[in-house]
Protein chains: 2
Amino acid sequence: MTDVRTLLLDQKLVLTPSEERIVQILLADYPASGLGTAGNLAKKAGVSDATVVRLAVKLGFEGFPDLQKRLLSEVEARLHSPLLMMEAKRHDGAVQGIAEAYLHAVSETIDKTIGATPSNTYDKVAKIIMAAKGRVGLVGGRFSRHIAGMLSGYLSQFRSNVQDIGTLSAQSFDILVDYGKRDVLIAFDYRRYQNDVIAFASQAADRGTSVILFTDQWLSPIAEHAEVTIICPLDVPSPYDTLAPAVAQIEALVAQILASLDDATRRRVESLEAVRAYNAVTLDGADNVSSTQPGPKRTKGTTSDA
Amino acid sequence: MTDVRTLLLDQKLVLTPSEERIVQILLADYPASGLGTAGNLAKKAGVSDATVVRLAVKLGFEGFPDLQKRLLSEVEARLHSPLLMMEAKRHDGAVQGIAEAYLHAVSETIDKTIGATPSNTYDKVAKIIMAAKGRVGLVGGRFSRHIAGMLSGYLSQFRSNVQDIGTLSAQSFDILVDYGKRDVLIAFDYRRYQNDVIAFASQAADRGTSVILFTDQWLSPIAEHAEVTIICPLDVPSPYDTLAPAVAQIEALVAQILASLDDATRRRVESLEAVRAYNAVTLDGADNVSSTQPGPKRTKGTTSDA
DNA sequence: GACAATCTGAAAAATTCCTTTCACATTTTG
DNA sequence: CAAAATGTGAAAGGAATTTTTCAGATTGTC
């Protein structure tokens, strides 16, 4: 008996946009999010109840209760897993430092992240970004704007018209006049969701701009307007949530884009890299102000390691 | 919140014979047997539906669905267990996309990171930062400056005189006149190590400023001048290295600092958070069945979006 | 630009599920 | 051994959920 997760991740499965949203929610908190009512799941995914039922049927079930039954039996199986018995013991294990424990938690979160987003999502986003005829804008909240900045740095190597909007101010909204159907807005919004970011993204969406959203499992309100939502399950034992998985996600996206570049663009990236290698420190340190120490490995002209 | 199992095992609870049968079934396969319908559970226990409902009420719930909701959130908590995540990870390991493989690699890198830095290092850095009488400056390279920005955002919540130096330009070096023995400079430098960052940090060190360096395993030349170096082992199969572990490290540092705050500072942070909560979006999470994590805190008087 | 095909949500309809009621059985108490 | 109290299931009633239908919207195609 194949498990539902496998069904959901099946490449051959052709899903409508609304259905994909449901799948994403389902995977983001699998399988718990499918154990409530169909209506509940629909609400979280921002679609109608009917669509949830249709998805269940499409996956080969009699209806939603049928799918749920299967989900339930999986839960049962997993709760009986021998691993779980070990877990209780592990809890009072070695006393780690605060920082170590934190890093552990982050690592686990990234593992969860892997299961939380269908693999073709990155591909889809990569295509949207590279195919956009207009501009690609990036916004983020108090902390996540730094991630927007990083992604913007990467993207501007691959295409032109990348605009890092930075900290939102009243004037920032003027930028919106330039946004329309040909443009793409990449928004980062993790809790506490920020009103200004939400307003900005919503207005862009209203103007026909495709919105790509990076958010956590509780979903920013922007998800309503987003064409694609990339979810990061955050539950780290800290007053502040971790953004490391989000960074990993944008880097994964970059890796995806890199893999799909045509030759011309790849050459562009390579020549950019060559310029950088020239300006960076070299092993023999001829131009290195105050250090004669061993530096990084010298690389000539290739981008392979950077 | 007491878990249902505890309620069921409560000695003070006086149960009728039929009720005991239900409890037995429930505990025998806890909590899965309670996740179906009330009628289903009744059948398994060999009692009527009505008796199941009465038990739920007797236990202090509104009705059966109420009990089930609680059960569901317990399941979710258990399914989030790290060990089970590992298991799930192995499961769908077969066909991975580029993005998935990348995330895997990042996760492993973070695991390595844990061993790469002695546990007291974070503590030491935390003390240096919080004890500095002068200013705390942050610099970084092309991409790592975003990490500097994030850390700067965190730090300015804990102390004053935090200066995010941002992109280095010729003028940036003027800032150095203000740096001396009472100050701290936090530098981020991952390969390709940037000459400007190296020069800046070196000169600050020459002026007596304590330099804290975040770098990769090949060590930026700044390491020579740094008082403390925090290393991140980077070897991800991508033309670009990952910065996610670096983000995790600064967050771990923040966690360390948070743990060592005195009451006055902690109150400062809390009131900052309160202000934010007020300005953040409010969501209605009341009927969210499958999440044990609270969503954003509800605050009155704010509108949800603009 | 028009047509067909598909997608989607709102609302109605059908079904399932939960709860209450009530009559009967069982146990407890005087 | 009554008589009261409690426990129980069947069935009816009510509530909630799932499913279907239908019309509007969108997308893709010629």
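- Note that CD of A:E19 is 12.5 Å distant from CG of A:L26, once rounded to the nearest 0.5 Å.
- Across residues 51-66 of chain B, B:T51, B:R54 each have a non-hydrogen atom less than 4.0 Å from an atom of DNA chain D (numbered order).
- Of the charged side-chain nitrogens involved, none lies within less than 4.0 Å of a carboxylate oxygen, so that B:D66 and B:R70 do not count as a salt-bridged pair.
- Across all strands shown, A:A38 has heavy atoms under 4.0 Å from sugar-phosphate atoms exclusively, and none from any base.
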With side-chain hydrogen bond (donor to acceptor under 3.5 Å, both in side chains) as the test, would you mind laying out the steps for A:T37 and A:N40 before giving the verdict?
-> CA-CA 5 Å; A:T37 67; A:N40 198 284; 4.8 Å; no

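- For A:F61, there are no ring pair (Phe, Tyr, Trp, His ring centres under 6.0 Å) partners at least two apart in sequence or on another chain.
- Taking a heavy-atom distance under 4.0 Å as the criterion, the stretch of DNA chain C touched by chain B extends 5' to 3' from C:dC17 to C:dT21.
- Taking the C1' atoms of five terminal pairs at each end of the helix from C:dT19-D:dA12 to C:dG30-D:dC1, the two resulting helix axes are inclined by 10°, rounded to 10°.
- For A:Q163, the side chain to side chain donor-acceptor pair (under 3.5 Å) partners at least two apart in sequence or on another chain are A:Y179.
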Using the side-chain hydrogen bond (donor to acceptor under 3.5 Å, both in side chains) rule, take A:D189 and A:T215 through it: C-alpha gap first, then chi angles, then the decisive distance, then the call.
-> CA-CA 5 Å; A:D189 195 27; A:T215 187; 5.7 Å; no

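- Pairing each heavy atom of B:A99 with each of A:Q256, the nearest pair is N-OE1, 3.8 Å.
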With a cut-off of 3.5 Å and sequence neighbours excluded, list every side-chain donor-acceptor pair involving residues 133-141 of chain A.
none

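- Along DNA chain D, the stretch of nucleotides lying under 4.0 Å from any heavy atom of chain A spans, 5' to 3', D:dT17 to D:dT21.
- Checking side-chain atoms of A:R145 against main-chain N and O of A:T167 turns up no donor-acceptor pair under 3.5 Å.
- Terminal axes of the helix from C:dG1-D:dC30 to C:dC17-D:dG14 (five pairs each, C1' rotation axis) are separated by 10°, to the nearest 10°.
- Between A:A187 and A:I222, the closest heavy-atom pair is CB-CD1, 4.4 Å.
- The backbone N or O of A:I231 sits nowhere less than 3.5 Å from a side-chain atom of A:D216 that would complete a donor-acceptor pair.
- Looking at residues 123-130 of chain A, you'll see that no heavy atom sits under 4.0 Å from any atom of DNA chain D.
- Side chain of B:E74 to main chain of B:V4: a donor-acceptor pair is present (N/O by atom type, distance under 3.5 Å, no hydrogens or angles).
- Smallest separation of non-hydrogen atoms from A:P31 and A:L71: CB-CG, 3.8 Å.
- A:T121 meets the side chain to side chain donor-acceptor pair (under 3.5 Å) test with no other residue; sequence neighbours excluded.
- Considering only heavy atoms from C-beta on, A:S220 stays 4.5 Å or farther from A:F214 through its side chain.
- Remark: nothing in residues 204-213 of chain A comes within less than 4.0 Å of DNA chain C through any heavy atom.
- Scanning both residues, A:A255 and B:Y102, for their nearest heavy atoms gives CB-CD1, 4.0 Å.
- Listed by chain and number, the residues in a side chain to side chain donor-acceptor pair (under 3.5 Å) with A:Q68 amount to none (sequence neighbours excluded).
- B:K44 NZ: more than 12 foreign heavy atoms inside a 6.0 Å radius.
- Within 6.0 Å of NZ on A:K124 lie more than 12 heavy atoms contributed by other residues, nucleotides or ligands.
- Here the side chain of A:T209 pairs no donor or acceptor atom with the backbone of A:V184 at under 3.5 angstrom.
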